[in-house]
Amino acid sequence: MAMLTSNLLNPENSAHRFDDAALLRYAAANVEGFPPPPVDLTVSRFGHGQSNPTFCLEAVSRVFPGAVKRYVLRKKPPGVILESAHAVEREFQVLKALHVHTDVPVPKVFCLCTDTSIIGTSFYIMEYLEGRIFLDNKLPGITPERRKAIYQATARALASLHKVNVDFIGLQKFGRRENYCKRQVQRWEKQYLASTGEGKPDQNPRMLDLAGWLKQHIPHEDSSAASGTGLVHGDFRIDNLVFHPVEVSSCWFSMSEGMMESGIVPHRIGKGLQDRVIGILDWELSTLGNQMCDVAYSSLPYIVDVTLVDRESYGGFEVNGTPEGIPSLAEYLAVYCSASGNASGGERARYAGKVANILIDYAWAFINKKSVLPSQPPQGILDSEVSWKKLDKKKEDSYPAKEQGKFVPSKKVLELCNKLLMFMENHIYPMENEFYKLAQSTARWTIHPEEEKLKELAKREGLWNLWIPLDSAARARKLLFDGEDHASAGHWNDHLLGAGLSNLEYGYLCEIMGRSVWAPQIFNCGAPDTGNMEVLLRYGTKEQLKEWLIPLLEGKIRSGFAMTEPQVASSDATNIECSITRQGDFYVINGKKWWTSGAMDPRCKILIVMGKTDFTAAKHKQQSMILVDISTPGVQIKRPLLVFGFDDAPHGHAEITFENVRVPVKNILLGEGRGFEIAQGRLGPGRLHHCMRLIGAAERGMQMMVERALRRKVFGKLIAQQGSFLSSIAKSLGRSEWMLETNATYKPRCRVELEQAKLLVLEAADQLDRFGNKKARGTIAMAKVAAPNMALKVLDMAMQVHGAAGLSSDTVLSHLWATARTLRIADGPDEVHLGTIAIDTVTVRK
Ligand SMILES: Cc1cc2nc3c(=O)[nH]c(=O)nc-3n(C[C@H](O)[C@H](O)[C@H](O)COP(=O)(O)OP(=O)(O)OC[C@H]3O[C@@H](n4cnc5c(N)ncnc54)[C@H](O)[C@@H]3O)c2cc1C
C-alpha cells in the first residue's frame, strides 16, 4: 500500500527539538508566502529515511486559523559530523537549480540557512509535497495495472534527471564527472575495511575480491567526462519518490468535434496523472558522475531484496518472482532508455552488516550472469507506452559498426556520429525551447549567449567545420600556410579545416545536425555560410581567405549570399539585373536583392553578391560575384521576409538594396564574368547539405510521430494501436486518405520513402566525391527533388498524428515542415532540377 506523505510523520524527536520562536522568525522572513504572525508552529519528524533529519513544519495563522501551511525542513544531524557529510547546502543547490531551470520533479526550495544560531545546524526549508510514497518496492496492495504505471513513472523520472544539462543550470562544478565508478568502489572498500575486522563485524574476503573485480572492470567510459556522465542522484529508489496523491479511480469522457462528426460513441479515456512522480527526494548523495550507477541502483529490487526480515532467499524479483504488473528488468530499462533520451539512525543501520554480506553474494551472482537485456525486445511492451521502435532507433542512432557495404561509415565517421548524437541529446535539444523563446521575443535579432558557448564546446569536441571536403581543405592549407610556420598550420589542421571527410562521410553527420533547425550553426555547418566558405575555399585569393575565410571558419562572423532579385525570375540566374561596374580601383554596385538568408544576423559581416559586370557578353559570361562588407555605405537592409510567418530570427531572410556601393577591385571573386561558373560550384556540395539535413528533419519527425502514437490515446486506444480498425472504418465511410495513412500504414510508408531518399542523397554525395560536381549533377538534382518532398510528407504525417499541437509552435514540427517546404524553391525550384535530370538522362542515353 502507498503511504501518504503525512502518514510518515512522527511527533518531534527530543534530540532535534528546536527553538520554535527563532525558527518562526526566520521562516517568516525567508519563506515566500509564510503566514504572517501570530502563527502557531507544530514540528513533526518524518520517520522514514536515514539521512539528513527531515521535519514537517505546520504553520497555522492565529488570525485565519483555517489557513494551514506545511513546509519541510531538512537539516544536518546534531553533533559532530564529517565536514563533507550531510551537506544540506549541496542538496539546496541542486534542488534549486532543478526546480528553477528544468522539469525534473523536485520540491521548490525557499531558503538555506547556514546560521547555526537558529536551530543549531544548517538547514533549508522546502515545499511540502502531499503524495503517495511506496516504502515496499513490491508494491503490495496495488493493482497490477498501477504497479506497471508506477515503475514506468519511476524510470521516466530517472531519465528526466539524467537528461538535465548541468552546464546550463549552473551545476557544471557540482562534482567531478570522470572516474565516478572508480572513486565509488575505492570509497566502499575503504569504508568496508574501516567498519570490519578487529572488535567489529568479521571481514568477508569475498567483499575484498569483489572490490578487486570491480576495480578491474570499471567501464572504460568512466575515465572520461563525456558520454553517460552528468547529474547523478546517488540514492535513486522508489521510496525516495513522491507520487501524485490521487488514487486511481476516475475516468472521464471526452467528445471532440471530430467524434461528433463521425458519429463515433465516446470512450472512457485517459486515466490522468495519478502515477506521475511529483517529487524526487533525498539528494544528499547527488553529484556529477556516471549516470549508469543510478540506473543500476534503481534496478536493485530485481536482483536482491534487502528488506529487514529473516528469510531463506534474498533474491530480488528475478529470483523470487516479479509481482504481477511490475515490468521485467528489461522492460524497466527499456522505459528508461526510451525516456532518455547518516545516517540519522533507523532500523537499517542495525542490519548493515548482514545486508552487506547478502549484497556481496548477489553482486557475485550478478557478475556471473551474461547479460541483463534479452536479445529480443520484451513482449507486450507496446501496450505500456514504450517504443521498442524508438530503442531500435537508438540502436540505429548509435551507428554500430558493420563490416561491408557501399554506404558503411568508417570507424572515424562512426565515432563522430556517436559524439554528435550525444551532443544533440545533451546540448541542442534541451536548448531548443530557449532559442525559440528568444527568437519570438522583442530581442529576436540578437544571439542567445548559450549559442556562442555551445559553439566553443563543439570546437573543443572536434565537431567543427566537418563539412569541409578534403580537397578544399588542402587548397586552403596550401594557400594559407605554404612556406609558413608549421606549428600554426598544425593548429589549423586540428581545429578549423574540418576532419578531412568526404562529402559522403559528411552526409551521415549532416543528417544528424538536420534534426534541429538550431543545430547546424552550432557546428559552423549552417547555410549559407558553408556554401560561402566553400566559394572562398575554392576560388578565393590568399588575401580574401585571410580577410574573410578565417573569421568565418572560426565562427566569429557570418555571411550572406545575395543573388535573388524580386523583379526577375531568379531561378534562371541569367536574368539578374544587379550591376557591378568598374570605376578605377573600385566596383560600384547598384541593385535590389531579396531573400538574402542570414543577412539579418548581427554577426553577418560579409555578403557574396552576384551581379552583372558586362551586360553585352555571352549569356553565361555576364555575371560576376563580389565580396561586399555589409557595413559598406549604400548597403541597406530594408526588411526581414517571413516564411509562413516564421522570420527565422536571428538569422532572417533580408531584402537589401545596393545604391552606389563601392568595393575595392580586389573583392571580385575569380575574375569578371566568372560568376556563373562559381554558382555552379557553390550549388554542388553546399546544396546537397540541404538534402542531408532534410533526411535528419524527417527522421526527427518520424521519431516524434512514433512517440506520440505510442503515448496518446484516442477512443480508448493508443493511436499506434488504431491500425486496421480505423483503416477499415475510414474505408467503409469513404473518408479522406489521411485516415488511412495516419494509422497502421503510415509508419512503414514513411520509412520506405525516407530510406529511399536517404540512399539517393548518399549516392549523390558519393558521386560528387568520385566524379565531381558536373558528372554528379543528375543524381544531385534527383536528391534535391526527392529529399524535400519526402521530408514534407513525413513531417505532414507527424503533424497530423500530433493533432493541433503539430501545427503549433509548441513542437518543432511546423518549423521543420516550413523549412522543408522552402527548399522546394529556395534550393532551386523542383522544375529546374527535373529539367536537369531530363537532360542528364537523355545525355547518358545518347
Ligand atoms: C527561405 C528562403 C531562403 C532563400 N535564401 C536565399 C539566399 O540566401 N540567397 C538568394 O539569393 N536567394 C535565396 N532564396 C531565393 C531562392 O533561391 C529563389 O526563390 C529561387 O531561386 C527561385 O527564384 P524565384 O523566387 O525568383 O522564382 P522564379 O524564378 O520566378 O520561379 C517561379 C516558379 O516558376 C517555375 N519554374 C521556374 N523554372 C522553371 C522551369 N525551368 N521549368 C518549369 N517551371 C519553372 C517554378 O514553379 C518556380 O517555383 C531563398 C528563398 C527562400 C524561400
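Just so you know, ligand 1 is whichever comes first in the structure, and atom 1 is the first atom listed for that ligand. Everything numeric in this text was worked out from a predicted model, so none of it was measured.
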Need the ligand 1 atom indices (1-based, order shown) with element for anything under 4.0 Å from a heavy-atom of [X].
X      : value
Pro829 : 46 (C), 48 (C), 49 (O)
Phe561 : 7 (C), 8 (O), 9 (N), 10 (C), 11 (O)
Ser597 : 3 (C), 4 (C), 5 (N), 6 (C), 7 (C), 8 (O)
Val832 : 38 (N)

Point to revise | Close approach of Val568 to ligand 1, heavy atoms, under 4.0 angstrom | key: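 Val568: in contact with ligand 1 (<4.0 Å).
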Review point. Should the heavy atoms of other residues, nucleotides or ligands under 6.0 Å from CD of Gln440 be counted, would the total exceed 12?
Key: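 Check passes, neighbour count above 12.
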Practice item. Determine whether the side chain, the backbone, both or neither of Pro528 has a heavy atom under 4.0 Å from any heavy atom of ligand 1. Key: neither
Study note, to complete from the structure: Logged contact type for His653 with ligand 1, heavy-atom cut-off 4.0 Å, is side chain
Kindly confirm or rule out an N or O of [X] lying under 3.5 angstrom from an N or O of ligand 1.
X      : value
Trp594 : no
Asp572 : no
Val643 : no

From [options] - option closest to [atom] by heavy atom:
atom                    : options                        : value
atom 20 (C) of ligand 1 : Asp830, Thr822, Ile825         : Ile825
atom 44 (N) of ligand 1 : Glu831, Glu565, His833         : Glu831
atom 18 (C) of ligand 1 : Leu834, Thr564, Ile576, Leu642 : Thr564

Practice item. Give me the ring orientation class for Phe676 and His620: parallel if the planes are under 30° apart, tilted from 30 to 60°, perpendicular past 60°. Key: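 Rings of Phe676 and His620: perpendicular, as their planes differ by over 60°.
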Exercise for review: Name the orientation class of the two ring planes belonging to Trp518 and Phe435 (parallel below 30°, tilted from 30 to 60°, perpendicular beyond 60°).
Suggested key: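 Taking Phe435 first and then Trp518, their aromatic rings sit tilted (interplane angle of 30° to 60°).
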Review point. Is there a donor-acceptor pair under 3.5 Å between the side chain of Arg824 and the backbone N or O of Asp830?
Key: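 No; judged by distance alone, with no hydrogens or angles, the pair does not exist.
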Exercise for review: For the residue pair Asp601 and Ile447, establish whether any side-chain heavy-atom pair is separated by less than 4.5 Å.
Suggested key: yes
Check your understanding: Does any pair with a residue in residues 786-805 pass salt bridge (Lys or Arg N to Asp or Glu O under 4.0 Å), and if so which ones, sequence neighbours excluded?
Key ->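 Qualifying pairs: Glu753-Lys793.
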Check your understanding: For residues Gln703 and Glu699, is any side-chain donor paired with an opposing acceptor at under 3.5 Å?
Key -> no
Exercise for review: Starting from the C-alpha separation in whole Å, work towards a yes-or-no answer on salt bridge (charged side-chain N to carboxylate O under 4.0 Å, His left out) for Lys459 and Glu456.
Suggested key: CA-CA 5 Å; Lys459 244 184 237 177; Glu456 287 311 309; 3.3 Å; yes
Check your understanding: Who are the side chain to side chain donor-acceptor pair (under 3.5 Å) partners of His427, not counting sequence neighbours?
Key -> Asn165
